[in-house]
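Treat the numbers as computed from the prediction; the structure is a model and nothing was measured. Convention: sequence-line order gives letters A, B, ...; per-chain numbering from 1.
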Amino acid sequence: MSTENPVDAPDDGVGDRSPGESTSTDFIRQKIAADNDSARFSQRVQTRFPPEPNGYLHIGHAKAINLNFSVAAEFAGTCNLRFDDTNPEGEDQEYIDGIEEDLAWLGYKPSGPVLYASDYFQQLYDWAENLIEKGLAYVDDQDAETISAQRGGFGKPGVESPHRQRTPAENMELFRGMRDGLYADGEKVLRAKIDMQSENMQLRDPIMYRIKRMAHHRTGDTWIIYPTYDWAHGQSDAIEGVTHSLCTLEFTDNRALYDWYLSNLDLPHEQPEQTEYARLGLTYTPMSKRVFARLVNDGIVDGWDDPRMPTLRGLRRRGYPASAIRDFVDKVGIARTNSTTEIELLESFVRTELNRTSLRRMAVLRPLKVVITNWPEGEERLLTAINNPEDDTAGTRTVAFGPELWIEQDDFKVEPPAKYYRLSPGREVRLRAGFYITAHDVETDAEGNPTTVFCSYDPESEGGSTPDGRKVKATIHWVSAQHAVGGTVNLYNRLFSDPHPGEGGTDPLASVNPDSRETLTDVRLEQSLADVEPGQVVQFERLGYFAVDLDDSTVFHRTVGLRDEWANIQKRQQKSQRQHKNQGQQKKKRSS
RNA sequence: UCGCGGGUAGUUCAACUGGCAGAACACCAGACUUUGAAUCUGGGGGUUGCAGGUUCGAGCCCUGCCCCGCGAGCCA
């Protein structure tokens with residue numbers, strides 16, 4: 001919505017949104033609309049995307065990004081990128097750069113400069129002293145184990161720390177000592193003094209600061225005490241003027257703490273409000289940085305940008321268009337229900353986009369030689385092929401044709417099974433953008449596998465039709481043997497074979513699919529495929545969409561296959577055969 | 001065990017806040033087709049977790065129960 005003042009806009013629902021914008025009316029958007037109606041936050045809307053720079057972004061983050069940026073755009077608000085870099089452990093400039101790059105690739109631009117929670121360390125420190133002065137925070141000398149034990153449990157009371165009653169003056173001196181390096185790592189912490197009997201564990205005197213002598217990627221050695229997430233997050237929101245702080249469901253219990261901290265501080269803006277929604281779940285896809293790090297470290301994948309990874313870099317390398325990812329996360333919607341979306345939905349958005357935009361090319365992945373026996377000696381032809389039937393402006397290209405061709409092994413059967421209507425002895429098919437050919441003879445190897453198919457062509461069928469108008473049932477792709485160029489193709493299957501990896505407390509890595517990648521080094525490509533851009537995605541006709549590798553333009557990654565009706569037919573045939581067999585066995589059993 | 005959140009086609013979400021339960025993807029069938037693709041048409045699919053209650057009328061309100069998720073880091 002581009003209306004300047006959303007409150008005064010007529011209640012026209014989503015009618016005036018442009019096609020690119022979200023048309024959702026989820027509970028968050030409804031809530032923001034209601035806030036605007038009641039003039040809360042002075043009708044201002046500000047969100048933020050707050051990743052910790054300790055890993056790369058994945059498709060789960062895409063949902064959070066889309067939500068925050070789209071909501072801001074729809075309500076004429078702003079959305080910033082803020083790095084939640086409160087804990088130097090595991091954080092690195094490498095990830096900051098990577099996240100900015102991935103965010104830009106996904107198609108989003110922060111409303112202002114990139115922000116860092118670490119820029120607020122001094123303000124956070126000052127606020128901590130304020131809380132100490134008010135008697136709302138204290139220094140605890142106990143170790144982590146003791147503090148944890150005293151916290152109690154669900155339905156069990158907590159125990160107050162013996163240091164809980166220290167005076168503000170005493171706490172102030174100790175806290176400054178923490179900052180100034182008087183104590184060892186872990187020797188002391190600063191805690192909020194809230195309620196050790198609260199039913200909400202987050203409120204049982206949570207830790208605000210810990211001592212950690214570790215260089216921070218941005219503040220270096222300036223600080224040796226670092227704020228925890230809870231002590232930093234709401235305040236960062238408040239400093240920036242965030243109005244709606246959107247996060248995932250696991251932070252629901254933290255909201256009470258978020259509010260407690262902010263209500264005890266003098267804030268420069270209205271107090272922001274946290275709202276939670278469910279994170280993205282995807283079948284066959286664990287969604288955890290921890291698991292991804294193990295895949296990388298154990299060498300199961302080549303890196304964070306391996307095309308099998310659900311990271312944004314991995315998906316980009318695989319050829320997933322950013323717009324398809326955006327459409328997908330938008331379509332999944334925002335709710336509070338824990339859910340797992342079928343990965344087929346994502347793939348359908350990828351196909352829809354690529355079908356619209358990608359050039360058609362011919363490539364033979366598993367080559368079988370075809371010899372045209374009646375082709376005029378020494379002759380060569382250039383045929384015209386359409387680049388994209390979905391896009392007239394994409395034009396045409398020429399493909400060379402000669403006496404020897406490569407076709408797909410799957411496209412020829414000596415004894416065709418039921419409903420198979422590709423090439424077989426005596427049968428005529430059309431070569432895409434070429435001629436009709438009929439198979440006559442086959443040469444086979446010792447095991448009976450075809451090595452060469454001898455065919456005749458109909459000279460009158462150039463362009464794909466004949467004067468007599470006779471029909472053929474199949475059109476197959478091909479590449480001229482004399483003109484083909486070589487290349488490598490990576491075929492990908494699911495990285496995990498279980499639709500819900502790690503379900504029931506099992507190790508997600510236990511269901512890693514050992515056959516997630518198949519590399520074909522002997523593929524035959526039409527000449528034009530020697531001239532492609534890194535990252536470009538083309539459709540290999542009848543096979544699928546393939547992305548040119550970012551570093552090596554002779555390597556193609558299968559982004560996603562085409563829908564394959566023939567494969568479905570075969571599956572059904574096998575299934576019904578098995579059922580017949582089982583029925584036969586059951587009959588035998590019964591009669592015996 | 002305690003607290004919080006959640007249960008609507010196979011899946012993800014809608015249902016204008018109490019008024020004929022819909023869409024997309026998936027699945028099935030047909031049409032069309034120089035990609036067994038795409039496109040088009042149609043179809044199967046639901047005891048709205050369960051049991052009561054209020055109401056002319058309940059997916060929505062009330063009561064009880066069941067199931068699932070999250071929460072006891074000096075992680076975020």
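The CD1 atom of A:Ile569 sits 13 Å away from the C1' atom of B:A29 (whole-angstrom rounding). Atom CG of A:Asp37 is separated from atom P of B:C16 by 17 Å (rounded to the nearest Å). Put simply, OH on A:Tyr277 is 13 Å from P on B:C13, counting in whole angstrom units.
The line from CD1 of A:Ile207 to CG of A:Asp140 is 7.0 Å long, rounded to the nearest 0.5 Å.
If you check every strand for non-hydrogen atoms under 4.0 Å, A:Tyr226 touches nothing. The residue A:Arg356 sits apart from the nucleic acid: no heavy atom pair falls under 4.0 Å.
In this structure, a donor-acceptor pair under 3.5 Å is absent between the side chains of A:Glu390 and A:Asn388. In this structure, a donor-acceptor pair under 3.5 Å is absent between the side chains of A:Trp231 and A:Gln235.
OP1 or OP2 of B:G36 lies within a sub-4.0 Å distance of a side-chain N or O belonging to A:Arg542. Residue A:Arg351 places none of its side-chain N or O atoms closer than 4.0 Å to OP1 or OP2 of B:C25. Put simply, A:Ser339 has a side-chain N or O that comes within less than 4.0 Å of OP1 or OP2 on B:C13.
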Treat a base pair as Watson-Crick or G-U wobble with both distances under 3.5 Å, then lay out RNA chain B in dot-bracket form, 5' to 3', with | for cross-strand pairs. .((((((..((((.....[..)))).(((((.......))))).....(((((..]....))))))))))).....

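Ring pair A:Phe435/A:Tyr457 is perpendicular by interplanar angle, where above 60° counts as perpendicular and below 30° as parallel.
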When every nucleotide of nucleotides 69-76 of chain B is labelled 5' to 3' by its protein contacts under 4.0 Å (heavy atoms), B for base, S for sugar-phosphate only, - for none, what sequence of letters results? SSBBSBSB

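Under a cutoff of 6.0 Å and an axis angle of 45°, A:Lys188 and A:Tyr183 form a cation-pi pair.
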